[in-house]
Every structure is written in structure tokens, then in C-alpha cells.
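All heavy atoms count here, side chains included; hydrogens, waters and symmetry mates do not.
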Amino acid sequence: MPFRRRQGAARLAAATLVSGLAAAGLLATAGVAAADGAPQSEGGATATIGGLKTYGAAVIHNGGTDEQVPAGLFEMSVDNGGTLQTYCIDIHTPTQKDARYHETPWSGTSLSGNKNAGKIRWILRNSYPQVNDLAALAAKAGVKSLTEQDAAAGTQVAIWRYSDGADVDAVDPKAEKLADYLEKSARNLPEPAASLTLDPPAVSGHPGERLGPVTVHTNADSVTVRPPADATASGVKIVGKDGKTVTSATDGSRIYFQVPKDAQDGWVELSVQASTTVPVGRAFASETRSQTQILAGSSESTVSATATANWAMTGAIPALSGEKNCAKGGVDITAVNKGDEPFTFALMGTEHTIAVGKSQTVTIPLQEGQAYDFTIKGPGGYQKRFKGVLDCKTEGSAVGLTTQTLSEPSPVTAGSPAAVESNLAETGASNTTPLIAGTAIGLVVIGGGALLLLRVKKTTTRD
């Protein structure tokens with residue numbers, strides 16, 4: 001299979017240029033927005049990556065050079081309880097030890113636009129560890145036996161062939177036979193649903209109204225609904241359609257924020273939490289530039305999601321939400337205005353006005369690999385923070401990347417004893433890692449100040 005080349009050099013050059021401008025002070029007039037709110041999340045599981053737990057070795061063939069890398073299963077620790085097993089889907093990007101990850105739709109990762117993404121899910125469902133009968137798996141692959149290490153390495157190699165278009169082989173012949181079997185047998189399957197989300201993640205309206213509904217989507221039997229932290233002070237209640245207080249919900253439940261008539265302008269956030277297994281094939285993206293992962297197995301794990309409600313007596317009343325959109329190369333910001341005045345915000349030097357009762361989605365364009373961290377503010381202290389890294393493409397040989405672990409000064413080559421004996425907690429790395437990190441730091445300044453400025457267009461003065 002030919003190695004898929006990427007235009008990484010151009011992306012890095014453009015990002016470095018912008019970063020240099022920021023470092024030189026040419027963007028000094030763009031103030032960094034305050035970031036007091038919680039970072040945006042699509043909901044689901046949040047976890048910290050540990051390292052490779054079950055693995056073998058693989059060789060990447062690239063332009064006449066063979067590079068040996070570890071290949072297999074990672075383990076993640078889920079916040080508030082649970083363990084995940086994952087394979088990586090970006091062979092040339094380093095895995096940052098102890099990096100934070102969150103469950104993410106395929107549209108927000110390098111799987112966006114990948115016509116073979118569904119085949120990766122088939123591989124996950126039909127190989128190790130979902131299939132733990134290694135004798136049966138070996139028979140399908142046409143080999144006498146498989147160890148767990150063989151099974152993990154062969155599965156990872158098959159995934160890389162579809163996720164990265166990589167020309168890669170397993171070192172062990174039995175693992176290689178498994179990889180070939182999985183690659184040839186794979187069929188496209190649909191993206192799995194999230195373990196837990198709230199739709200929409202933000203609502204708005206007037207005091208005295210029931211704001212919503214917010215619909216629960218989950219594969220858990222039930223979820224616990226946690227009222228806003230300041231619910232007592234604000235008087236806001238979380239209720240069902242019948243107006244009764246809600247403390248738990250199930251898939252498809254519709255819940256509302258009941259705001260008192262005499263409530264001062266303000267906003268609150270509720271959270272829902274459940275214990276469930278995360279569906280195989282869910283993607284996990286890092287909050288930093290660390291290898292994107294795809295789920296191969298899950299214990300009973302804690303998942304959560306949040307939703308906000310914003311209210312005011314008069315004026316514009318926005319509800320803000322956002323998510324990464326890899327197809328458009330940016331972050332989609334959706335603003336809904338339930339007020340009685342237009343809501344106006346400036347984006348990349350262009351004003352966008354949302355009429356009363358209308359909704360609009362605006363895409364903030366970002367460079368590949370760019371970190372962003374900005375907060376949008378509205379009336380009554382309402383604010384929404386958006387933070388992350390646009391990680392939509394796998395790195396290719398066009399950037400001159402080498403495949404190594406973060407602790408190694410140079411790549412190891414096939415046949416070298418150090419190839420598998422060295423620090424195997426990270427698969428894939430780059431001699432441009434410091435450049436990427438420096439670029440991301442510089443671009444946070446742009447994300448915080450120059451990308452998005454928000455204000456309310458007022459036609460009357462409020463007390």
C-alpha cells in the first residue's frame with residue numbers, strides 16, 4: 001500500500017510564520033480574553049493516557065528507509081473511575097505521556113473525510129481485545145497460534161494502513177498474517193454513537209420560562225442529573241416536561257431549566273453523569289498535540305456532559321456552543337439568540353448579527369496543529385470557553401518526520417536491538433516536536449485575542 005503523503009511542511013511553515021509575528025509583538029494590540037469558564041467538551045469520557053501495555057513491533061517503509069516502532073494497545077485511566085484500551089490512528093505524531101484525552105466525534109479528528117474510517121471500526125470489533133479467543137483469531141488469520149502481543153501488533157498495523165495510508169508491516173510473521181487478514185476482510189461500519197451527550201449543550205430565554213429542552217443521548221441505563229452549583233441562590237430548578245424536579249434521566253429524556261420570574265440576569269450550568277462502557281470505535285482526541293486514539297475496549301467507566309442556560313429580562317440573550325469541524329478546518333461556533341434585540345459579534349474582522357429568535361453557526365478557521373484558547377462573553381456575566389488543538393490530519397513523510405519515542409535523540413531502525421527495548425510508552429514522534437509545541441504556544445495568543453471578539457448590540461440602556 002503506498003504511503004499517503006501530507007502537506008505538513010506547508011502547514012508548519014504557515015503556523016510558524018504566524019507564531020513568529022505573535023512573538024515579535026506585532027499582535028500586541030490583541031488582548032487575550034479571560035478564560036474563567038470550563039473548556040468546551042462534546043461530552044462522554046475524559047481520560048489520561050498511560051502507555052503501551054500490550055505490544056509487538058512494526059516496520060514503516062518510507063522512501064527507502066525502514067523504521068521500527070512499537071505497535072499495540074495503550075491504556076487510559078478515566079476520570080472518576082474506569083479504564084480504556086486504545087490503538088492510535090496517527091503513526092507519525094508522538095504520544096505525550098500523561099496527556100489528557102476526551103471522547104470526540106470522528107468529525108473532530110483525522111477520521112473526518114477518511115473513507116476507510118468504518119473499516120477501522122470493523123477491525124476493532126473483529127480483533128483483539130474484543131475477540132479474546134486467540135486460537136479462533138489465529139485460525140481466521142491462517143496461523144497456528146497468536147500471543148496477545150502478536151494480536152495487538154497485528155491489529156495496530158492493520159489500523160495504520162487505513163488511518164494513515166502507511167506502508168507498514170508487523171515484524172513477527174504471525175502478527176503480519178493477522179494484519180493482512182484484517183485489512184482484506186474489513187468492511188465499512190457506521191460511526192458509533194457517543195457514550196453521553198446533551199443536545200443542545202446551551203439554551204437561553206427569559207426569567208419565568210422553562211428553558212430547553214435539552215435531550216439526553218446515552219448508552220447508559222440511566223444518568224444522574226446534578227443541579228447547578230448555585231441553584232439555591234439563583235432558584236433555578238432542573239425539571240421535566242411536567243414541571244417536576246429531575247434527578248435522573250434516560251436516553252431520550254428531555255430536561256429543562258426552570259428559571260424564577262424574579263431571577264436577576266445570569267446563567268448556570270448543569271452536569272449529567274453515568275457509568276457505562278464506551279462504545280468501541282469512539283475516537284479520543286488530546287487537549288495537546290498527542291496521537292489521536294481510537295477505542296478498542298472499555299471497562300465500566302464514568303462519563304459526563306454539561307449544558308448551560310442563560311437568561312435576561314431584555315436585550316440579546318445568546319446561547320453559545322462549539323465543536324471542531326475538520327471538514328472546514330476550524331472550530332464551529334453556534335450562537336442562538338432568544339432575546340428581543342439583535343446579537344452581534346466580530347469574527348476575523350467581520351461582523352455577524354443574529355436576529356431575534358434566530359441561530360447562526362460561524363467557523364473559526366485555524367491552522368492544522370494550532371492550539372486555541374478563547375472565551376466568548378455575553379451579557380449578565382455569561383461566557384463560554386473554547387480550548388483545544390486542531391488535530392485533523394495525520395502527519396506524512398512530506399514533513400520529514402521520523403518515527404521515534406519522545407525520549408530518543410534519533411530514530412531507531414529496523415533490526416536495532418534498541419528498537420523495542422527503549423521507552424515504548426509512546427509510538428511515533430517527530431524531530432519537529434519542539435517546533436510544534438512552540439508554535440502552539442504562540443498561537444494561543446491569537447486564539448485568545450484576535451480570533452473572536454464578542455459584544456452585545458444594544459438599542460436601549462439597561463439598569
* In terms of side-chain geometry, is the basic nitrogen of D373 or R385 positioned less than 4.0 Å from the acidic oxygen of its partner? -> yes

* **E191/R282 salt bridge by N-O under 4.0 Å criterion** => yes

* Asked: With a 4.5 Å heavy-atom cut-off, do V336 and I354 have their side chains touching?
  -> no

* Asked: For the residue pair A186 and W122, what are the closest heavy atoms and their distance?
  -> CA-CE3, 3.5 Å

* Asked: When you measure from the side chain of S112 to the backbone N and O of G108, does any donor-acceptor pair fall under 3.5 Å?
  -> no

* Structure fact -> Smallest heavy-atom separation, V78 atom then L84 atom, equals CG2-CG, 3.5 Å

* Asked: Are any non-hydrogen side-chain atoms of V223 and T276 less than 4.5 angstrom apart?
  -> no

* **Partners passing side-chain contact (heavy atoms from CB on, under 4.5 Å) against A305 (at least two apart in sequence or in another chain)** => L196, L198, V272

* Between S286 and T288, do the side chains contain an N or O donor and an N or O acceptor separated by less than 3.5 Å? -> yes

* Give a yes or no answer on whether the side chain of Y382 reaches the backbone of L320 with a donor-acceptor pair at less than 3.5 Å. => yes

* Check whether more than 12 heavy atoms from other residues, nucleotides or ligands sit under 6.0 Å from atom CD of Q264, and answer yes or no. => no

* Structure fact -> Shortest non-hydrogen pair, G322 vs F386, comes out as N-CE2, 3.4 Å

* To do: Enter the distance from R226:CZ to Q273:CD here, rounded to the nearest 0.5 Å.
  => 4.5 Å

* Asked: Is E183 paired with R161 through a side-chain N to carboxylate O contact shorter than 4.0 Å?
  -> yes

* Asked: Does a donor on one side chain sit under 3.5 Å from an acceptor on the other, for T334 and T361?
  -> yes

* **From CZ (R121) to CG (L295), nearest 0.5 Å** => 10.5 Å

* Between K384 and E269, is there a side-chain N and carboxylate O pair less than 4.0 Å apart? -> no

* Flag, side chain of R125 to backbone of I123, donor-acceptor distance under 3.5 Å -> no

* Asked: Does N219 reach the main-chain N or O of T277 with its side chain, forming a donor-acceptor pair under 3.5 Å?
  -> yes

* Asked: Can you find a heavy atom in the side chain of K324 that is under 4.5 Å from one in the side chain of L390?
  -> yes

* Residues, nucleotides or ligands: over 12 heavy atoms within 6.0 Å of K119 NZ -> yes

* **Spacing of CD1 belonging to I49 relative to OG belonging to S290, to within rounding of 0.5 Å** => 6.0 Å

* To do: Could you tell me whether a side-chain N or O of S299 sits under 3.5 Å from a main-chain N or O of T83, the two making a donor and an acceptor?
  => yes

* Hey, does K241 have a side-chain heavy atom less than 4.5 Å from the side chain of P213? -> no

* Heavy-atom distance under 4.5 Å between the side chains of V69 and W160, does that happen here? -> yes

* To do: Can you measure from OG (S321) to CG (D332) and round to the nearest 0.5 angstrom?
  => 9.5 Å

* What is the distance from atom CZ of F374 to atom CD1 of I364, rounded to the nearest 0.5 Å? -> 3.0 Å

* To do: Might you confirm whether atom CG of D221 has over 12 heavy atoms from other residues, nucleotides or ligands at distances under 6.0 Å?
  => no

* N-O pairing of D79 and R100 below 4.0 Å -> yes

* Residues forming a ring-ring contact (aromatic ring centres under 6.0 Å, His included) with Y128, sequence neighbours excluded -> none

* Asked: Once you round to the nearest 0.5 Å, how far does CD1 of I294 lie from CG of D90?
  -> 12.5 Å

* Asked: Does V239 have any side-chain contact (heavy atoms from CB on, under 4.5 Å) partners at least two apart in sequence or in another chain, and if so, which?
  -> R210, K237, Y256, Q258

* To do: Looking only at non-hydrogen atoms, find the nearest pair between C88 and F74 and report the distance.
  => CB-CE1, 4.2 Å

* To do: Check whether any side-chain heavy atom of Q383 sits under 4.5 Å from a side-chain heavy atom of W267, and report yes or no.
  => yes

* Identify the heavy atoms of L73 and A152 that sit nearest to each other, and give their distance. => N-CB, 4.2 Å

* Asked: Is the side chain of N337 donor-acceptor paired with the backbone N or O of I317 at a distance under 3.5 Å, no angle test?
  -> yes

* Smallest separation among heavy atoms of G315 and D340, with atom names -> N-OD1, 2.7 Å

* Any side-chain donor paired with an acceptor under 3.5 Å for E103 and S195? -> yes

